[in-house]
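Every heavy atom of this structure was used, including side-chain atoms; hydrogens, water molecules and symmetry mates were not.
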Amino acid sequence: MVTNASLGRVHSTLTDAILADHHSPTSRAPQGKTLTFEGNFADHSLLLLEGWIALSKTLTNGETQIIDVMLPGDFALIGTRIVPVAACTVEALSDIEYINIQPDKANGPSTASAQLREILAASILTTQSRTSELLLRMGRGNAASRVAYALIEFHTRLQAVGRTDGNILEFPINQQKFGEFTGLTNVHVCRTLRRFEREGIIAHPDSRSIALTDMKALCTLADVDLDLFRDEILIRHPLHGAAD
C-alpha cells in the first residue's frame with residue numbers, strides 16, 4: 001500500500017479554505033456505502049479527505065456509468081440550495097473520510113468562504129476538463145486508450161497531492177468499477193490490464209497498488225501530452241502556483 005508523510009493534510013488549498021473557520025465535522029463511511037442517491041435531496045458540497053468516491057448515473061436496467069472519481073483532496077458540488085437535487089449517486093469505492101459543507105458555510109461572508117467559492121469554481125473547471133478527456137477517448141478511443149488514460153489521470157491527480165510513491169499509486173477500485181468508469185466490460189478491463197502487464201507497461205506491487213512502469217507508453221496509447229494535461233486538470237493555488 002502506498003504511504004506518504006502528507007496523509008494527514010491532503011490538498012491544502014481546499015482543506016485550509018474549509019477548516020480555517022468552518023469547523024465542519026468529519027464523517028466516515030465504509031467501502032460500498034452510498035452517501036447520496038441520484039435524484040435525492042442534496043444541497044451540500046463534499047470535501048474528500050481519505051479514500052476514493054464514485055459519482056455515477058444509472059439506467060433503469062441497472063447499467064451504471066461512473067461520471068467521475070473523487071480522490072483525496074477533491075471537492076465536489078453534490079447539490080445546491082437553488083437546485084437541491086443530487087445529479088449523481090455518490091458511493092464510497094474504499095473506506096472514506098470526508099466533510100459535508102452545508103450552504104450556510106459556503107455562502108458566508110468570511111474570507112475562508114470567499115476562498116472556498118473560488119476553489120469551487122476551479123474544481124468545476126478541472127472536473128469538466130477531466131470529463132472532456134474521458135469522453136473523447138470513450139467516443140473515439142479503443143479499450144487500451146481508455147484504460148491508459150484512466151491510469152494516467154489517477155496517477156497525475158494523486159501525485160499532485162502527495163499520494164504516490166514514484167510511479168506507484170494505491171488502486172482500491174475493482175475491475176467492475178473500473179469498467180464502469182471507462183465504459184468497458186470486466187472482460188475488456190481484465191484483458192487490457194493483463195496485456196499492459198505482459199508488455200511491461202504496468203506492474204502490481206501488491207493487491208491494492210499499481211505501478212505505471214512505462215509512462216511514455218501509456219501516454220502514447222492514450223494520446224496524452226502529460227505537461228499540457230497537468231495544466232488542464234490540476235488546480236493551481238492562486239498565490240503559490242501549481243499544487244504540489
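- Of all heavy-atom pairs spanning Leu47 and Gly73, the tightest one is CD1-O, 3.8 Å.
- Residues Leu46 and Ile53 are in side-chain contact: their nearest non-hydrogen atoms beyond the backbone lie under 4.5 Å apart.
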Any chance you could lay out the side chain to side chain contact (heavy atoms under 4.5 Å, CB included) test for Ile152 and Leu226, step after step, and finish with the verdict? CA-CA 9 Å; Ile152 293 168; Leu226 198 53; 3.8 Å; yes

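- Side-chain contact between Thr80 and Asp43 is absent, with no heavy atoms from C-beta onward closer than 4.5 Å.
- The side-chain heavy atoms of Leu169 and Leu212, taken from C-beta on, include a pair separated by under 4.5 Å.
- Using modelled atom types, no side-chain atom of Ser129 and backbone atom of Ile233 make a donor-acceptor pair closer than 3.5 Å.
- Considering CG of Asp214 and NZ of Lys216, their distance stands at 8.5 Å, rounded to 0.5 Å.
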Mind listing the side-chain donor-acceptor pairs of residues 192-200 below 3.5 Å, one per line with the distance, residues two or more places apart or on another chain?
residue : atom : partner : partner atom : Å
Thr192  : OG1  : His188  : O            : 2.7
Arg195  : NE   : Glu199  : OE2          : 3.3

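- Summarising the geometry of Ala92 relative to Pro30, their closest heavy-atom pair is CB-O, 3.4 Å, with the distance given to 0.1 Å.
- At distances below 3.5 Å, not a single donor-acceptor pair connects side-chain atoms of Asp165 with backbone N or O atoms of Ile168.
- Ile66 has its side chain within reach of Ser56: a pair of non-hydrogen atoms, C-beta onward, lies under 4.5 Å apart.
- Salt bridge Glu50/Arg28: absent, no basic N to carboxylate O contact under 4.0 Å.
- Taking CZ from Phe181 and CD1 from Ile67, the interatomic distance works out to 9.5 Å, rounded to the nearest 0.5 Å.
- Between the side chains of Asp206 and Ser209, at least one donor-acceptor pair of N or O atoms lies under 3.5 Å.
- Here CG of Leu158 is found 8.0 Å from NE2 of His155. Values are rounded to the nearest 0.5 Å.
- Listed here is the closest heavy atom pair of Arg157 and Leu234: CA-CD2, 4.2 Å.
- Salt bridge status for Glu153 with Arg130: present, with a side-chain N to carboxylate O gap under 4.0 Å.
- The shortest side-chain heavy-atom distance between Thr36 and His44 falls under the 4.5 Å cut-off.
- Ring geometry, Phe154 versus Phe178: the interplanar angle falls from 30° to 60°, so the pair is classed tilted.
- Here the side chains of Phe171 and Leu151 are in contact, with some heavy-atom distance below 4.5 Å.
- Distance alone, capped at 3.5 Å, places no donor-acceptor pair between the Ser94 side chain and the Pro172 backbone.
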Start with the C-alpha gap between Leu71 and Val161, add the side-chain angles, then the distance that decides, and say whether side chain to side chain contact (heavy atoms under 4.5 Å, CB included) holds. CA-CA 9 Å; Leu71 301 177; Val161 292; over 6 Å; no

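- Side-chain N or O atoms of Glu97 include none that pairs as donor or acceptor with a backbone N or O of Leu48 at under 3.5 Å.
- Looking at every heavy atom in both residues, Tyr149 comes nearest to Glu133 through OH-CB, 3.3 Å.
- In this structure, Gly183 and Arg146 approach most closely via the heavy-atom pair O-NH1, 3.1 Å.
- At a threshold of 4.5 Å between non-hydrogen side-chain atoms, the residues Ser27 and Leu35 do not count as touching.
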Evaluation steps, side chain to side chain contact (heavy atoms under 4.5 Å, CB included), between Leu55 and Met70: CA-CA 8 Å; Leu55 306 180; Met70 294 183 66; 4.3 Å; yes

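- Remark: Ser45 OG to Ile78 CD1 distance equals 7.5 Å, nearest 0.5 Å.
- Inter-residue side-chain proximity for Leu93 and Val69 is flagged as met; some heavy-atom pair is nearer than 4.5 Å.
- A donor and an acceptor atom, one from each side chain of Thr64 and Thr58, are located under 3.5 Å apart.
- Between the side chain of Arg137 and the backbone N or O of Asn142 there is no donor-acceptor pair closer than 3.5 Å.
- Taking the charged nitrogens against the carboxylate oxygens, Glu38 and Lys57 do have a contact shorter than 4.0 Å, which makes a salt bridge.
- In terms of heavy-atom proximity, Asp95 sits nearest to Gln31 at OD1-N, 2.9 Å.
- No more than 12 heavy atoms of other residues, nucleotides or ligands shown are found within 6.0 angstrom of CG on Asp223.
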Residues Thr126, Glu232; criterion side chain to side chain contact (heavy atoms under 4.5 Å, CB included); working and verdict: CA-CA 7 Å; Thr126 54; Glu232 290 178 343; over 6 Å; no

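- Counting heavy-atom neighbours within 6.0 Å of Ile82 CD1, excluding the residue itself, gives a total of 12 or less.
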